[in-house]
Amino acid sequence: PPQGYYTRRGGIGDSGDFITSPEISQIFGELIGIWYISEWIATGKPKAFQLVELGPGRGTLTDDILRVFSQLASLLSKCDVSIHLVEVSPKLSEIQALMLTGGKVQSNPEDKSTYMKGISKTGIPIFWYRDIQDVPSGYSFYLAHEFFDALPIHKFQRTEKGWREVLVDIDPEVPDQLRFVLSPSSTPATENFIQPEETRDHVEVCPEAGVIIQRLACRIEKDGGAVLVADYGHDGTKTDTFRGFQNHKLHDVLRAPGTADLTADVDFSYLRKMIQGRTATLGPIKQREFLKNMGIDLRLQVLLQNSCDAATHEQLLHSYDMLMNPKKMGDCFNFFALLPHHRLVHPDKKHKPESKSPLPPVAGFGELLLK
Ligand code: SAH
């Protein structure tokens, strides 16, 4: 806990170790803000909602979403909106506080479940927590962007003797050097974390992601809302994806622990399995398809028309390319959503199929049709 990457370093952005979509373009967060507003309208504009972000980084994504909420203030005027950030990094929570409130926050407020609170520049209350379990219940929109890939994984290798766990050992030959070894026999993890129907020879399992997605599914099943997960990942096909980044370059995961960002692709098939049918799921769908369906091309045109200097035009086009180009972030990043079953299918559809008007489509996961 004191020497971990996110407690000591957590360098997101040009001067750090890795860059993320919200840091590249404001459009990214704006379209996600629109997605939540669209779900809020589709579910009958509830009187209140919480926006809960897991691992908010520098706070840029929430800031862009809050700008959308403030632009749509007349629509949201009767709705009680609050922001809830789940963050373990003391350094990043300070940066978030500065970005979102201008630094006007109260640390360790009387309410023990939250470790900091403040008011956004647009007048919306913001609360910080270390664990999702501390966030109050209620109709909520959850957001996890590049969060699940940061959680620790177990690695397993199929051998002639059965599954063996890949462990980290001290190299007896070289001082201060770590190495990977295979467990000589099965471990509690090999017994518990591998799906019986697994066909791959090497798998990475993130049980913490399984626990968190279950908690989120239980919450929206009970109180309503939606979960949007965006991350690089696959649908149960990839094997060895564990890697490190330092100063925007690949970094040996075993060298200088705590100084590099360690990451593994999110296995969306595992998340879906862990939800156990509690909610409906949509995706994973590629980032470039999701953003296109959300109207990124229209938004880009508006921003281009509104700015007249060449440098801004260049920057807008460059960042659009970063997000959308299949060779850059367009194909490897995915969007995945959890929604209560009744959001997609009328509860009494089986009995009276013609009696109800059709449910509004979920934005982003189907083609955008302009009227
Ligand atoms: N969503 C941001 C940041 C992604 S980096 C963006 O897209 O820019 C991962 C984030 O998750 C960081 O804010 C990190 O501090 C946080 N984090 C890592 N492990 C966590 C944990 N176990 N619980 C809560 N937050 C965590």
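Counting convention: from 1, in listed order, for ligands and their atoms alike. All of these numbers come straight from a predicted model, not from anything done at the bench.
When each atom of ligand 1 is checked for a heavy atom of S89 under 4.0 Å away, the hits are 15 (O). Here is the list of ligand 1 atoms found below 4.0 Å of a heavy atom in T20: 6 (C), 7 (O), 8 (O). In the vicinity of H145, heavy-atom distances shorter than 4.0 Å reach the ligand 1 atoms 1 (N), 2 (C), 4 (C), 6 (C), 7 (O). Near L92, with a cut-off below 4.0 Å to any heavy atom, the atoms of ligand 1 are 12 (C), 13 (O), 15 (O).
Of the listed options K91, E146, R130, E87, E87 places a heavy atom closest to atom 16 (C) of ligand 1.
Between F333 and H145, the ring-plane angle classifies as parallel under the 30° and 60° cut-offs. Using a 30° and 60° split on the angle between ring planes, Y36 and F141 fall in the tilted class, from 30° to 60°. The aromatic rings of F18 and Y5 are tilted relative to each other, their planes meeting at an angle between 30° and 60°. In this pair, F127 and Y129 present their aromatic rings tilted. The plane angle is within the 30 to 60° band.
In summary, of the residues considered (Y142, F268, F148), a ring-ring contact (aromatic ring centres under 6.0 Å, His included) with F336 occurs for F268 alone.
Using a 4.0 Å cutoff on heavy atoms, I12 counts as a contact of ligand 1. Under a 4.0 angstrom heavy-atom cut-off, L151 registers as being in contact with ligand 1.
For ligand 1, the polar-atom distance check against E23 finds no nitrogen or oxygen pair separated by under 3.5 Å. Where the criterion is an N or O separation shorter than 3.5 Å, residue side chain and backbone included, A150 fails it with respect to ligand 1. Residue-to-ligand polar distances keep Q96 apart from ligand 1: every N/O pair is separated by 3.5 Å or more.
At the top of the distance list for atom 25 (N) of ligand 1, counting protein heavy atoms only, stands F147 CE1, 3.5 Å. The nearest heavy-atom contact from the protein to atom 23 (N) of ligand 1 is V88 CG1, 3.5 Å. Protein heavy atom in closest approach to atom 2 (C) of ligand 1: G55 O, 3.4 Å. Looking only at heavy atoms of the protein, atom 5 (S) of ligand 1 is closest to Y6 OH, 3.4 Å.
With rounding to the nearest 0.5 angstrom, the CH2 atom of W128 is 12.0 Å from the CG atom of L92. Distance check: T60 OG1 to L100 CG gives 8.5 Å after rounding to the nearest 0.5 Å. Rounding to the nearest 0.5 Å gives a distance of 8.5 Å between CD of Q276 and SG of C218.
Looking at P22 against ligand 1, only its side chain comes within 4.0 Å, counting heavy atoms.
Using a 3.5 Å distance cut-off with no hydrogens or angles, the side chains of Y232 and T263 do pair a donor with an acceptor.
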Could you walk me through whether S21 and Q287 pass side chain to side chain contact (heavy atoms under 4.5 Å, CB included), step by step?
CA-CA 10 Å; S21 297; Q287 169 158 306; 3.6 Å; yes
